[in-house]
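Reviewing the structure listed below.
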Amino acid sequence: MGKLQEDFEKIWAVIRRVPLGRVATYGQVAAEAGFVKRPRLTAQALAHVPPGMEIPWHRIINAQGKSSMPEGSRGNREQLKRLKNEGIKIVKGKIDLEVYRWRPRSLAPLLD
DNA sequence: TGCTTGACCGACG
DNA sequence: ACGTCGGCCAAGC
């Protein structure tokens with residue numbers, strides 16, 4: 001396994017902890033996985049999720065409270081649809097992070 | 001080898 | 001509520 005692949009695993013592990021009905025930002029996920037200031041690693045990890053792997057990818061949104069997928073794209077609609085199904089309110093394409101952001105017990109892993 | 005591009009972010013004006 | 005900038009770093013060309 002390459003190092004990048006291992007990093008992806010850590011990111012995916014964090015994403016799997018985001019509970020139903022809540023969301024997390026790219027930067028938040030990266031930091032929680034031990035990669036501060038590397039939100040793009042989360043984006044990359046999501047883009048490389050193996051087919052068939054079960055993971056709540058739709059709960060990851062950007063720091064502006066919006067889906068980062070191209071507006072109007074299939075993925076974008078699918079994401080918003082799933083979030084609504086989980087009871088999340090979306091006003092003008094935006095989610096209130098103050099209300100729906102996932103708040104884990106530990107802010108960052110001290111181990112690795 | 002160098003430059004551009006990303007499912008990004010926070011600070012600043 | 002914008003637009004810009006610098007930080008970040010793997011991939012593709």
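Order of the sequence lines fixes the chain letters, A, B, ..., with proteins taken first and strands second; residue numbering starts at 1 for each chain. Given the structure is predicted, the values throughout are model-derived calculations rather than measurements. FYI, side chains are in, hydrogens and waters are out, and symmetry mates aren't considered; it's all heavy atoms of this structure.
In this structure, A:K89 and A:Y100 approach most closely via the heavy-atom pair N-OH, 3.3 Å. Annotation for A:L97 and A:R103: closest pair O-NH2, 4.3 Å, computed over non-hydrogen atoms.
Taking only side-chain atoms of A:R38, from C-beta outward, the nucleotide of B:dC8, C:dA10, B:dA7 with the closest atom is C:dA10.
Across the protein-nucleic acid pair, A:Y26 atom OH and B:dG10 atom P stand 14 Å apart, rounded to whole Å. In this entry the distance linking CE of A:M69 with C1' of B:dC8 reads 14 Å, nearest Å. At whole-Å resolution of the value, CZ in A:R77 and P in B:dA7 are 17 Å apart. Going from atom CD of A:Q28 over to atom P of B:dG10 covers 10 Å, rounded to whole Å. Rounded to an integer number of Å, the gap from A:Q5 CD to C:dA10 P is 14 Å. Atom NZ in A:K94 sits roughly 12 Å away from atom C1' in C:dC2 (whole-Å rounding). Rounded to whole angstrom, the span from the CG atom of A:D7 across to the P atom of C:dC9 amounts to 11 Å. A:Q44 has its CD atom 14 Å from the P atom of B:dC9, to the nearest Å.
Base engagement by A:R40 is indicated by at least one non-hydrogen atom pair under 4.0 Å involving a base atom. As judged by a 4.0 angstrom heavy-atom cut-off over every strand, A:L4 is placed among residues touching the sugar-phosphate backbone only. A:T42 comes within 4.0 angstrom of nothing in the nucleic acid, heavy atoms only.
As rounded to the nearest Å, C:dC8 and B:dT1 have P atoms that lie 22 Å from one another. For C:dC2 and B:dA7, the P atoms lie 22 Å apart once the distance is rounded to whole Å.
By the criterion of side-chain heavy atoms lying less than 4.5 angstrom apart, applied directly or through intervening Ile, Leu, Val, Met, Phe, Trp or Tyr residues, A:L83 is not grouped with A:I60; the two fall into different hydrophobic clusters.
For the residue pair A:Q5 / A:H48, no side-chain donor-acceptor distance below 3.5 Å is found, with atom types taken as modelled.
Salt bridge annotation for A:E78-A:R74: absent, with no cationic side-chain nitrogen under 4.0 angstrom from a carboxylate oxygen.
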